[in-house]
> 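Below is a structure I'd like to ask you about.
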There are 2 protein chains.
Amino acid sequence: MTQSPWQPISPPKPPRPAKAPLTRERIVDAAMRLLVDHGYDAVSMRKVAQELGTGQASLYAHVANKSELDQLLVNRAAEQMEFPAEPDPERWQEQLKDCMREMLRVMRANPGVARAAIGQVPLGEQALLSTEKFLAILKAGNLPDQAAAWAVDLIPLYVTAVSFEETVQSASAWTPADLEGYVGRMRSYFEGLPADRFPLTLALAGALTSGSGGDERFEFGISVITAGLASLAEKP
Amino acid sequence: MTQSPWQPISPPKPPRPAKAPLTRERIVDAAMRLLVDHGYDAVSMRKVAQELGTGQASLYAHVANKSELDQLLVNRAAEQMEFPAEPDPERWQEQLKDCMREMLRVMRANPGVARAAIGQVPLGEQALLSTEKFLAILKAGNLPDQAAAWAVDLIPLYVTAVSFEETVQSASAWTPADLEGYVGRMRSYFEGLPADRFPLTLALAGALTSGSGGDERFEFGISVITAGLASLAEKP
DNA sequence: TCGAGCGTAGAACGGTGTTCGTTAACGAAC
DNA sequence: GTTCGTTAACGAACACCGTTCTACGCTCGA
C-alpha cells in the first residue's frame, strides 16, 4: 500500500482485463476487416486499435508505422491470389492475362487494398511470390531478362491503378444507378463541348464513357500490354 | 457609435488591410507555388491560405473543396504541355511516344501534380485539350474508335503512375546517393531470398533494380503500350 | 522476494479538411 | 445621405489523422 490516503481520489483503476495478447497477425486481421468492410479511409491506427479494444500506441510495439501496416495489408491480400500450376510456353499470353485478371479479382475482393498498394514496391513474401510467378510466365514467353523485369513493374502498376480508380468511384457506396447517372452526366458534358476545339472528344463521347463499370476497359488494357510484351519476345 | 462604453474591451479591431481580392486564379497560383517548391503534402488549405495571408475558410468561397483544388492544379499543369502541330499517319507511333514523354516532363516539372491527378478523371479544359490531341494522333494511326477512347484512358493512367512513383521515392529530398543506396539495399534483399522458392527473382535481381532512377523503364513502358496499340490498328 | 524489462495504454502534439457564426465592406434603395 | 441587405472574409472550433511521451502493471528471471 504505497498510496497515500489523502491523495486526490485515485482513479477507480480499471482492472486490466486479461486479453489475448496483441500480435502482428491480430492487428492485420483487424485492419483487413476494416478495409474490406469500410474501405481504406477507415483503416486508421485509431480505428484498428479500437477494433482490438486497445489504445493506438500499443500498435506501435508490433508495427513500425502506418506505411508498414499498409504493406502488410497488401501482402495479406496477395495471399489470396491463385496462379496456374505450370507456365506453358504455348499459352503464356493467355496465362499472363489470367494472372492479371486474378490480380484485379483479389483487389476487388479487398476494396481499398489498391489504395494501400499504390506507390509502394511490394516487398512482402506473398507479394514477391506473385512476382516470381509473373516472371516465370514471362520467361516462358521468351522475353529478355530486362524486359521481363520491367514488365513485372508495369503489370502491377496498371492493375493497381485500375483498381484504385474503381475504389475512388465506388467510394461512399455508389449504387449502380448512381454510377449510371454519373456516366450519363459525363457524356452530356463531353457532348456539350465546343465542336471547333474538341471535335474528336465530341465525336467519341459515347466511346469515351463506355465500359466504365465493367471489365471491357480492363480487358482492353491487358490486351494492349500483352500484345506489346509479345512484340518484344526473342524468336531464336 | 452603437458600441456601449461599458462593454468588455472591444478587440482593437485590426483594420482589414485593403488587399487584392481573393480569386480562384490567385488561389491556384499560390497552391502551385507550394506544390512546385515543397511537394504535394505542402499543399494544404491552411498553407495555401497562409501563403495568401488569409484564413482557410476564405478559400471555400472560391473552391468547393480540396479535391477541386487538386483538379485545378492538374489543369494548370496541363497548360504547360506542348504538342506536335499536326498528327502524321506516317509517324503516329513516334508522335504518341513524344506526347507521353512530354506528359512526364510536365509532371516532373511540377512535382506532386501526379499525386493530385491520380484517381481523378481530368475534366478541366486544358486537360481535355490534351485528350483531344491524343485522340487525333491515335486516329491518325487508324485505331478503332473504341480502342482510341480506351487508350486515352490507359495512357495518362500509366504516365501518372510512373510520375507518382517517382515523387514518392524522391520525397523528403533524397539525394542521388540516397537513391543509389536504396536501390543497392533492395538488390541485396532480392539476392538474399531463398533460392528454392524465388529462383527467378534472385537470378534477375540486377535487372529488377536497374533503371530505377532514369528514363529506361519509362521508355520500356511507352514502347510496350505503343506496340500494343499498333497491333490494334485497322489495316484497310 | 524483489527488481528489471516489456507490453500496454492514456494523454498530448502538431497536423489535416471542413463548417459555424460573426464581422466588415460595398452597392442599391429609400 | 442614410439605411439596408447581400456577400466575402475570417477566427475559432470540430472531428479526425499519425506519431510520441510517459507512466503503469504484469510477468519472469535472479
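Lettering follows sequence order; numbering is per chain, from 1.
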> When you check every protein heavy atom under 4.0 Å of nucleotides 13-21 of chain D, what one-letter string (B, S, -) results, 5' to 3'?
B---BBBBB

> Once salt bridge (charged side-chain N to carboxylate O under 4.0 Å, His left out) is applied, do any residues pair with B/Glu219, and if so which ones, sequence neighbours excluded?
B/Arg101

> Sort and list the pairs that fulfil salt bridge (charged side-chain N to carboxylate O under 4.0 Å, His left out) and have at least one residue in residues 67-80 of chain B, not counting sequence neighbours.
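Of all non-adjacent pairs touching residues 67-80 of chain B, those that pass salt bridge (charged side-chain N to carboxylate O under 4.0 Å, His left out) are B/Arg24-B/Glu68, B/Glu25-B/Arg76, B/Asp29-B/Arg76, B/Lys66-B/Asp70.
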
> Look through every strand shown and name the nucleotide pairing with D/dA8 as Watson-Crick or G-U wobble, where both distances are under 3.5 Å.
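The base-pairing partner of D/dA8, which may sit in any strand shown, is C/dT23.
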
> Whole-Å distance between C/dT8 C1' and A/Arg24 CZ?
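So the CZ-C1' distance, A/Arg24 to C/dT8, works out to 18 Å.
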
> A/Arg108: which residues meet the salt bridge (charged side-chain N to carboxylate O under 4.0 Å, His left out) condition with it, sequence neighbours left out?
A/Glu166, A/Asp215

> With a 4.0 Å heavy-atom cut-off, tell me which residues in residues 32-40 of chain A come close to DNA chain C, sorted by residue number.
none

> Taking the side chain as C-beta and beyond, is there a heavy-atom pair between B/Met100 and B/Phe134 under 4.5 Å?
yes

> With B/Phe220, which residues qualify under ring pair (Phe, Tyr, Trp, His ring centres under 6.0 Å), at least two apart?
A/Trp150

> Sequence neighbours left out, what pairs pass salt bridge (charged side-chain N to carboxylate O under 4.0 Å, His left out) with at least one residue falling in residues 109-138 of chain A?
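Those involving residues 109-138 of chain A are A/Glu125-B/Arg197.
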
> Just jot down the ring pair (Phe, Tyr, Trp, His ring centres under 6.0 Å) partners of A/Phe190, sequence neighbours excluded, or say none.
none

> Measuring to OP1 and OP2 of D/dA9, would you say a side-chain N or O of B/Thr54 lies under 4.0 angstrom away?
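No.
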
> Can you name the residues that form a salt bridge (charged side-chain N to carboxylate O under 4.0 Å, His left out) with A/Arg46, not counting sequence neighbours?
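Salt bridge (charged side-chain N to carboxylate O under 4.0 Å, His left out) check on A/Arg46 returns nothing, list empty.
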
> Between D/dC10 atom P and B/Leu59 atom CG, what is the distance in whole Å?
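Distance check: B/Leu59 CG to D/dC10 P gives 10 Å.
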
> B/Arg26 has an atom CZ; how far is it from atom C1' of D/dA8, in whole Å?
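From B/Arg26 CZ to D/dA8 C1': 14 Å.
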
> To the nearest Å, how far apart are B/Glu68 CD and C/dG17 P?
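In whole Å, C/dG17 P lies 15 Å from B/Glu68 CD.
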
